[in-house]
Amino acid sequence: MGLDPESPADRERARALVAVWAGWHDLGKIGHFQRKDPSAYGRLTGYPPSAGEKLSHGEVTHLLLASALPDTGYDAMGDGLALASVARRVAQLLGGHHGRYFTQPSPRSLRHSVVREQPMGAGKWQEQRLAHLGAVWSAVGEPVAPGVLSVEAAVVVGELVVLSDWLASQEHFVSAQLEGWRLAGDGALVGHWGRALAGAPALLVGAGLGVPVWTETPLS
């Protein structure tokens with residue numbers, strides 16, 4: 001990602017970037033998953049239903065980020081065939097978190113994204129997705145976008161996002177997070193993020209992903 005692994009500041013920035021990207025992976029659910037409760041969905045005011053082509057939430061995440069990230073400091077052009085833009089590469093790796101990676105949209109198609117808006121859920125749904133994008137970025141400390149993102153780094157980050165998704169989606173962890181949010185009472189995202197960080201080591205250990213400990217076994 002163009003960062004120095006020997007630099008503590010760069011290592012911290014890399015951790016923050018991976019965290020904020022993981023926090024963006026399900027932005028495409030906004031406007032899609034709300035329909036799972038028809039009664040509650042029907043009471044929403046000013047949120048239009050999606051129409052036309054049905055897109056997966058991964059593809060919505062992909063299209064949203066590819067079009068929105070250039071406005072938040074991410075490179076939109078890249079270096080021809082040698083290096084895709086960071087915005088489109090981040091969009092692609094996050095949109096593919098369920099195993100299907102979508103073709104990178106061209107800059108021209110993104111300029112004409114109005115064609116896609118209605119299937120994605122336009123209007124207030126798009127406002128909510130962009131608001132969530134900014135809220136996650138702010139809660140994690142507003143890390144500055146990297147200048148480059150290689151294919152190799154994108155693959156590693158993509159796998160970390162998938163693993164993090166599985167671990168943090170466990171029912172007992174989600175319930176604990178919701179209870180922590182309720183007890184905090186202030187609805188502060190920074191506090192929510194801090195509680196998630198505090199609970200992460202136990203998730204890793206429970207999944208057998210802690211630091212391995214080697215013991216010497218005498219040869220018989």
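Along the sequence shown, residues are numbered consecutively beginning with 1.
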* Scan residues 157-172 for pairs that pass salt bridge (charged side-chain N to carboxylate O under 4.0 Å, His left out), counting only residues two or more places apart or in two chains. => none
* Minimum heavy-atom separation for Trp137 to Val20, with atom names? -> CA-CG2, 3.4 Å
* Structure fact -> Here the gap from Arg88 atom CZ to Leu93 atom CG, rounded to the nearest 0.5 Å, amounts to 13.5 Å
* **Phe33: ring-ring contact (aromatic ring centres under 6.0 Å, His included) partners, not counting sequence neighbours** => His57
* Any luck finding a side-chain donor-acceptor pair between Tyr47 and Gln34 under 3.5 Å? -> no
* Check which hydrophobic residues are tied to Val190 through side-chain heavy-atom contacts below 4.5 Å, counting indirect links as well, and list them. => none
* To do: State whether Glu12 and Arg15 are salt-bridged, where the test is any N-O pair (Lys NZ or Arg NE/NH1/NH2 against Asp/Glu carboxylate O) under 4.0 Å.
  => yes
* Can you get from Ile30 to Val136 by hopping between Ile, Leu, Val, Met, Phe, Trp and Tyr side chains that sit under 4.5 Å apart? -> yes
* Which pairs count as salt bridge (charged side-chain N to carboxylate O under 4.0 Å, His left out) when at least one residue sits in residues 19-28, sequence neighbours excluded? -> Asp26-Lys29
* What closest approach, in Å, do Gly58 and His97 show between heavy atoms, and which atom pair accounts for it? -> CA-CE1, 4.4 Å
* Any residue meeting salt bridge (charged side-chain N to carboxylate O under 4.0 Å, His left out) with Glu179, in chain and number order, not counting sequence neighbours -> Arg182
* Asked: Going by the salt bridge (charged side-chain N to carboxylate O under 4.0 Å, His left out) test, which pairs reach into residues 91-103, not counting sequence neighbours?
  -> none
* Asked: Under a 4.5 Å cut-off applied to non-hydrogen side-chain atoms, are Arg89 and Val148 in contact?
  -> no
